[in-house]
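Only one structure is covered here, and it is reproduced in the block below.
If you're wondering where the values come from, they're calculated on a predicted model, not measured in any experiment. Every chain is numbered from 1, with letters handed out A, B, ... down the list of sequences.
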Amino acid sequence: MILAALHRKLTRDLWSMKGQALAIALVMASGIATFILSAATMASLQQTMDTYYDRHGFADVFAQLKRAPNRLAQRIAEIPGVAQLDTRVVVNVNLDVEDLAEPALGRIISVPESHEPWINGLYLREGRYIEPNRRGEVLVSEAFAKVHGLVPGDTVRAVINGRRDVLRIVGIALSPEYVYQIRPGDILPDDKRFGVFWMSERELAPAFDMEGAFNDVSLILEPGASEAEVIRRLDALLDPYGGLGAYGRADHPSHQFVSNELRELRGMAVIAPLIFLLVAAFLLNVVFTRLISTQREQIAALKAFGYSNWQVGWHYMQMVLVIAIVGAIIGTGLGTWMGRGLAVMYTRFFHFPILAFSLPPRVVVTAIGISMGAGSIGTLTAVRRAAILPPAQAMRPEPPANFKPTILERLGLQRLVSPAARTILRELERRPLKAAISCFGIAMAAAVLVVGSFMKDSVDYVLDLQFRRAQRETMTVTLNEPISGRAVREMLHLPGVLSAEAFRSVPARLRHGHSTRRVGVTAIEPGAQLFRVMDIHGGLVEFDRGGLYLSTKLGDILGAGPGDLVTLEVLESERPVVQLPVSGLIDDFSGLSAYMRLDALHRLMGEQDRVSGAYLAADDARTDRLYTELKNMPAVAGVALKKATVESFNKVIAENLMRMRAANVIFAVIIAFGVVYNSARISLAERSRELATLRVIGFTRAEVASILMGELAVLTLIAIPLGLALGYTLSAAVIASVDSELFRIPIVVNRTTYGFAALVVILAAVVSGLVVIRRIAHLDLIEVLKTRG
Amino acid sequence: MPAPVASSPPATAAVFQARGLTKTYHVGEIDIQALRGVDLDLFEGEFIVLLGPSGSGKSTLLNILGGLDVPTAGTVRYKDHNLTEYDEAALTRYRRDHVGFVFQFYNLIPSLTARENVALVTDIARDPMPPAEALRLVGLGERLDHFPSQLSGGEQQRVAIARAVAKRPQVLLCDEPTGALDVHTGIVVLEAIEKVNRELGTATAVITHNAVIAKMADRVIALSDGRIATEHRNDTKTAARELEW
Ligand SMILES: Nc1ncnc2c1ncn2[C@@H]1O[C@H](COP(=O)(O)OP(=O)(O)OP(=O)(O)O)[C@@H](O)[C@H]1O
Ligand SMILES: [Mg+2]
């Protein structure tokens, strides 16, 4: 049945409330955009990852070891559940890159000469695969090639087993093992100082005394095989050969980051849209409750003529759905646009052959569904009221409002306030629920502004805490083999070195109950001045006891707290296995760390004064000479600059965050205006008759405006502090949702962020106020008095 | 020239038969007896006027006849149907198919033009006349595309009448159709109602506070305090255009 006339009413009613409708649609669009952004990006990333892993044979289980003869491979292949395996030689070397003063770390992976590897296969972006019997030919990872502008034909110098050698680049490649390319132990990529190379096994193995041997193995499992069981058996096989503990994809450094990103996107796909859509639903509720109460008599007439309850309800629901669909369309467009941007940003640190943003139809359908759902839920009570409104009742005018003297007046204090102020107070007191609802809406806007901006505060805090207050070294020097602490004392004589602190780190397995985890244990001098360990609250860890100090997250995973005994299996040297108490848990912000005192580690390793490296503080002016010296020291495996980490942090995380923040702030501003503007318009609509009457009896425009504006001002001022508090609470929820093994960000909200949120809300109030004042000027006095109130 | 018209004899078929209607409203602690036992018949083609002081229950009675409201006790028969047994959906169908309402405050949809306001009803009616024709019937053939805000009170009321009669209803119920109008406009509106009653044979009930209008009716019923106080039949009906007040 085509209800032409009712449809006209629909379109005209919508048109006459277009400002409000658009404001609400935009709030919805914000929610939908964040949903599309997260959901579609998540789908794209997942799809890209799955295809890449599948086509290039990304392994299921990985293990590193010291050295095992090739014949061990046969025994590994016999482990039940192993479908394919590949053994390799993987070594780290110091690189001397022309455009870089400091040394860079190169990881060289052996590949067969005759064919490309079947497991962890390569994607050749440019150039060709290595050819047999050609000395020094390598493939280089795209990320490293890009930052250094390397192309096939270029060369890179490397220190291979103490000897300078030339690597000749013949091709540029990508590998599923290095989607996220980070130096071992790092959490952020540093493409400038870390590169991956693939070289012929025939050439690489002899150079490192690995002929007929391997030190790295990857397995692909049969479908349905138990990963845990395979890992257990593999560990047993590799232990005598210096196995460092096998692990599955979940602990694979690159995969861990990609899947962490997917998890964060999943969290984002829920929280942000939820907040926005709640606000939109709330606004729709307010606006439609108001609309339906002004159309009481129209509804009564429709019913008197035989329109059914269902038709009347559907009429209003359609208005809601139009707004929801407009919101969904704008949001989808916006989300797609932002999603493309995000995909481009991802290509800067996730290296896939292609990362195309795609928008699966099911995501769009879901978005439209969500938006219509939010709209319907928000307006259900209002629309229901319209649907079941008894027509005979609606024919009668609404009973006049029930005014009482305000508290102020009952206390006899009315002389203290102006008549306008009295009107404002009376209005607020007369309908406290309505006032509370408007107040809540405005508070919500302030809250979203806080949520949208606080991340930067938190990240700034972390940067300052971690890299300025806790870690005060200039660089970390890692050695090839643990050597005597004398080497560190000698580093003090290198040019520009101001102070040096030794550390010892060992790969280990921690067990507690049924939980086990591979970690690196770092041992430092108690009372260290350069590398200090701080929790996210800035509390310094003193290392006054001899046990283990674990990240709280690691403690959670192991189910171990202070005082509990855990088993520490060192995977190096004599591979001691000891029981150690947990001396403390550290609320740190990233990774799963385990620390202990240097002397305690030495004791359990049964060694004296062995160190794995040193933290150096150096004079900035003389670093170039220091780097040259370090590059030429055969014992040095790598140098990590704190400056580079901070730089990388800024590039990857901070930039990301800033974009997110910009988007969030725009959305929050939309909400702020949407809410405040709607409240102001509704107050105006509800009271236009009263205000017109005041104008007719001689009040000036300014006086009339001040009544309405006063109300808005009071509500805004009450709402702001509430909103800031609400914002803090919501921020805590957001923080909890990004909490992972990789990052845990503390909640920090600066005063400037609160100030900013308050300012935007006030601005929104002022602008909305001006719009309403303009409308008061155009108030049609005759029209208002002609119609029945 | 005044030309008294012979009052129609009671038609054979009753459109409405109301028996023992009572209606009680509960407002807080108090019960308000709006109707206290009303018996009423309305016959085909008949024109009745309901008089009575404010609060006597006129609107309540009309709303019950029109299926807008249900009585607390008593029965209403519409032709062969017992309205009091109808549920919400059946009452809606009944209103849609048989009843034309005219309200004191017009209740036009402000966002729709005169023609669209009428179309609102013809869209869902079974055998309606074209909206333009209904508007011509009330003398508004020239104002089809004007919005309510562009029409005077009397014109708006005539749109309301056009809207009520466009579906060719069996009954036309008017609650103070001239309440807000001046004499001249009031008469124009009454003429429109009279014309519909005469030409379409629609059973018509009109509530008014204006006793003069009673002269138009076949029958005049006065309510008082929720009961029928007096009832009399006019021997001759005065045409609307002859009325003076
Ligand atoms: N929905 C309602 N709730 C409470 N009381 C009602 C309601 N509707 C009507 N009444 C009361 O019932 C009584 C009859 O009302 P009704 O509207 O039928 O009177 P009326 O004769 O039409 O009066 P008027 O000439 O003023 O329109 C009045 O006392 C009125 O206050
Ligand atoms: Mg009445």
Side-chain angles (χ1 to χ4, degrees), chain A residues 1-18 291-292 294-316 319 386-399 402 685 688 780 782-789, chain B residues 23 25 27 34 59-64 66-70 88-113 115-126 128 131 147-149 152-153 156 160 163-164 166-167 169 173 175 180:
Chain A
M1 181 168 32
I2 297 164
L3 306 172
L6 200 58
H7 270 143
R8 291 230 176 101
K9 172 178 180 310
L10 184 87
T11 44
R12 295 210 186 115
D13 283 355
L14 270 174
W15 184 248
S16 72
M17 57 187 271
K18 56 186 175 298
L291 179 76
I292 284 165
T294 52
Q295 297 201 347
R296 245 168 86 87
E297 290 161 26
Q298 297 182 37
I299 294 168
L302 286 174
K303 292 194 171 176
F305 298 128
Y307 281 89
S308 66
N309 293 355
W310 194 85
Q311 282 170 318
V312 169
W314 177 233
H315 172 66
Y316 287 99
M319 289 194 198
I388 62 169
L389 186 74
Q393 188 108 16
M395 284 294 144
R396 296 162 50 86
E398 257 182 295
N402 179 15
S688 58
D780 186 338
I782 312 301
E783 182 57 35
V784 167
L785 297 182
K786 213 162 75 176
T787 59
R788 196 175 105 182
Chain B
K23 179 76 187 180
Y25 292 107
V27 182
S59 298
T60 305
L61 177 60
L62 207 70
N63 287 343
I64 291 172
L68 276 183
D69 209 346
V70 289
E88 177 59 45
L91 282 177
T92 301
R93 277 231 76 83
Y94 160 68
R95 293 199 298 267
R96 174 183 299 193
D97 295 337
H98 304 288
V99 187
F101 273 106
V102 179
F103 311 105
Q104 180 176 4
F105 297 104
Y106 328 139
N107 289 46
L108 297 183
I109 307 294
S111 54
L112 297 180
T113 62
R115 190 209 303 265
E116 289 159 355
N117 260 287
V118 178
L120 200 57
V121 173
T122 58
D123 277 345
I124 56 167
R126 276 198 293 205
F147 283 94
S149 61
S152 76
Q156 289 182 47
R163 191 172 60 172
K167 70 165 79 154
L173 306 173
D175 196 344

Is there a donor-acceptor pair closer than 3.5 Å between any side-chain N or O of [X] and the backbone N or O of [Y]?
| X | Y | result |
| --- | --- | --- |
| A/Arg8 | B/Leu112 | no |
| B/Asp123 | A/Ala5 | yes |
| A/Tyr307 | B/Leu120 | yes |

Interface residue of largest heavy-atom contact number with chain B, from A/Ala301, A/Ala300, A/Ser16, under 4.5 Å: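 Of the options given, most contacts go to A/Ala301.
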
Give the minimum heavy-atom separation between [X] and [Y], together with the two atoms involved.
| X | Y | result |
| --- | --- | --- |
| B/Arg96 | A/Ser308 | NH2-N, 3.9 Å |
| A/Gln311 | B/Ile124 | NE2-CG2, 4.5 Å |
| B/Phe101 | A/Phe305 | O-CE2, 3.8 Å |
| A/Gly306 | B/Thr92 | O-CG2, 3.3 Å |

Greatest number of heavy atom pairs closer than 4.5 Å to chain A - which of B/Arg163, B/Arg115, B/Glu88: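 Between B/Arg163, B/Arg115, B/Glu88, the count favours B/Arg163.
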
Pick from B/Ile109, B/Asp97, B/Asp69: which one has the most heavy-atom pairs with chain A under 4.5 Å?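 Counting heavy-atom pairs under 4.5 Å, the top option is B/Ile109.
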
Contacting moiety of B/Leu108, where chain A heavy atoms sit under 4.5 Å: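 B/Leu108 touches chain A through backbone heavy atoms alone.
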
Rounded at 0.5 Å granularity, tell me how far CG in B/Asn117 sits from CD in A/Gln298.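 With rounding to 0.5 Å, CG (B/Asn117) is 8.5 Å from CD (A/Gln298).
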
